[in-house]
There are 2 protein chains.
Amino acid sequence: MEKAADTNGTGPTESAESRQYLGLRDGIASRISTGDLKPGDKLPSERQLQGEFGLARGTIREALFLLEAEGAIFRRDRSGWYVSPPPVVYDPTRWEGFMSYVEAQGRVPTTFTISTATIPADPLLSDIFSRPLGAPLHHIRRLRSVDGRAVLVEKLVVDAAITPGLLDFDLNTSLTAILKRNFGITVARNQISMQPCALTGDEAVDLRQKSGLPGLALQRVSYDGHGRVVEYDHEYWRHDAVQITVDLRVR
Amino acid sequence: MEKAADTNGTGPTESAESRQYLGLRDGIASRISTGDLKPGDKLPSERQLQGEFGLARGTIREALFLLEAEGAIFRRDRSGWYVSPPPVVYDPTRWEGFMSYVEAQGRVPTTFTISTATIPADPLLSDIFSRPLGAPLHHIRRLRSVDGRAVLVEKLVVDAAITPGLLDFDLNTSLTAILKRNFGITVARNQISMQPCALTGDEAVDLRQKSGLPGLALQRVSYDGHGRVVEYDHEYWRHDAVQITVDLRVR
DNA sequence: GAGTGGTCTAGACCACGGG
DNA sequence: CCGTGGTCTAGACCACTCT
């Protein structure tokens, strides 16, 4: 008996799902919405679900992938599947920085600096910062978490000429605050671009995600009051961790 | 011989990929980047790739899913896999509307009105529009395409009191233009919110996508110069069809 | 009707996580 | 060390598209 959907006598009994993984998806989703499973809770293992529902493991995984795409659950590599916490709201116009707005939402933000370096400007960066080729720029790579879960990696670049000694500060705090307090720099304008993307390579590794999972790529160029480029930032977010909100006047 | 990765004698010959689907992914990706495969081109069928690479179909599909998540390819249900065209750039602050900005990028926009209706305001909409419960609101559901490919479904709501007879116009054109020309309404402010999401149910059907594929959900509340709510809009985009760009002053 | 992707089965081994 | 998810095989039938 190598037939698959033998049970597909799908008599239109009620809302019988045509595809089994959709049924399983709905089952788990309702367990979450009723509060039977709460944010952070671990789901039964794939093999347990297999026994419980009498489906092949591939079918179980299909349902899990769907819930993952919907942002309802996430996985920790080779540890298990967990119920997702609610996303963080990110408003690029309210520029107090990550630490502030995450805290304002009653969550606990943390930052981990992965690496720092001062590197001569390449043609692209030289153009963005309007600085000569080879001018020194600070590169910072940071991992940011909410309630202990890594939600984004950022690679940011700052003009070293106007921020001497920046890398000696504790970068596991708010960069916005450091720039303001120690260098008198405030951001007046942001130019932002973003695309849904797949998290791959370094980003996936840092976020402890399996490569290829969906994410949101966000690039930001920040200007001060004089129109000078202050920061050039690339952020890679878990797709289920963020909601973007903007309020703006139309031109 | 039910062993899987027997070929995993992965001698570190060159950049041998540890996982076979990554190798296949790279192979197809490079065919795209060299121009061997161009936007719109059809990929070989899964079974052809199976023969060509000597992998099980599941493995082939894993590679295809990854490329899909990256936005490099897309599928037409039961027709095949195709190379993705470049995304459209969407700037919510430049409010000439979909038709204008798509054309400005040298692409061909089309709009198809799926349904229209005038419905009494429910509590939520009554609140958003600051209108009494039961006040008439126009509901419009449209499908919008670029170069013949459906890229987004939108469900929009407009206050019927200030747009009498709106549904009698040809809604397969620019709504922005209709509101301006025929009702003297212009948008002065937008409040936008967006989250990566999974396209499911009606949205997936309308976009001819398999349910569960990643997308971008965008909600917009538009105000006129008097602060009156003009439009309430929900858009569901294919994740690979759009890039959002915003330029804004920080508050 | 042929061909395509969509769904599903029933196994297997691998690599990593955590006690 | 064991349990977990990650990868992979080799089949099968189904539902739809296309010509």
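Small disclaimer: the values here were computed from a predicted structure and weren't measured. Lettering follows sequence order; numbering is per chain, from 1. These values consider heavy atoms only, across backbone and side chains, with no hydrogens, waters or symmetry-generated copies.
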| Derivation and outcome, salt bridge (charged side-chain N to carboxylate O under 4.0 Å, His left out), residues A:Arg149 and A:Asp147 | CA-CA 6 Å; A:Arg149 183 170 74 130; A:Asp147 297 336; over 6 Å; no

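- Atom CD of B:Glu62 is separated from atom C1' of D:dA10 by 16 Å (rounded to the nearest Å).
- In this structure, a donor-acceptor pair under 3.5 Å is present between the side chains of A:Thr113 and A:Asn172.
- Side chain of A:Arg61, nearest nucleotide from D:dG6, C:dA10, C:dT7: D:dG6.
- Side chain B:Arg57 to base C:dG6: a donor-acceptor pair is found below 3.5 Å.
- For the residue pair A:Thr111 / A:Arg144, a side-chain donor-acceptor distance below 3.5 Å is found, with atom types taken as modelled.
- Here B:Thr59 reaches the OP1 or OP2 of D:dT9: one of its side-chain N or O atoms lies under 4.0 Å away.
- When each of C:dT9, D:dT9, D:dG6 is scored by its nearest atom to the side-chain atoms of B:Ala56, the top-ranked nucleotide is D:dT9.
- Minimum atom distance to the side chain of B:Arg78 is reached by C:dG5, of the listed C:dG5, D:dA10, D:dT4.
- Contact between the side-chain N/O atoms of A:Arg19 and the OP1/OP2 oxygens of C:dG6 is not found at any separation under 4.0 Å.
- Within residues 40-49 of chain B, the residues having any heavy atom closer than 4.0 Å to DNA chain C are, in order of number, B:Ser45, B:Glu46, B:Arg47, B:Gln48.
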Let me have the donor-acceptor pairs involving side chains of residues 78-88 of chain A, under 3.5 Å, with sequence neighbours excluded, atom names and distances please.
{"residue": "A:Ser79", "atom": "OG", "partner": "A:Tyr82", "partner atom": "OH", "Å": "2.7"}
{"residue": "A:Trp81", "atom": "NE1", "partner": "A:Glu46", "partner atom": "OE2", "Å": "3.0"}
{"residue": "A:Ser84", "atom": "OG", "partner": "A:Gly71", "partner atom": "O", "Å": "3.0"}
{"residue": "A:Ser84", "atom": "OG", "partner": "A:Ala72", "partner atom": "O", "Å": "3.3"}
{"residue": "A:Ser84", "atom": "OG", "partner": "A:Ile73", "partner atom": "N", "Å": "3.4"}

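- If you measure from atom NZ of B:Lys210 to atom C1' of D:dC14, you get 15 Å, rounded to the nearest angstrom.
- Distance CZ/A:Phe53 to CD/A:Gln48: 11.5 Å, rounded to 0.5 Å.
- For the pair A:Leu55 and A:Asp77, both in contact range of DNA chain C, the more 5′-proximal nearest nucleotide belongs to A:Leu55.
- In this structure, B:Arg208 places its CZ atom where only 12 or fewer heavy-atom neighbours from other residues, nucleotides or ligands lie under 6.0 Å away.
- A close approach under 4.0 Å does not occur between any side-chain nitrogen or oxygen of A:Tyr21 and OP1 or OP2 of C:dC8.
- Within the nucleic acid shown, B:Arg75 comes within 4.0 Å of sugar-phosphate atoms alone, with no base atom in reach, counting heavy atoms only.
- The CG-P distance, from A:Leu64 to D:dT4, rounds to 13 Å in whole Å.
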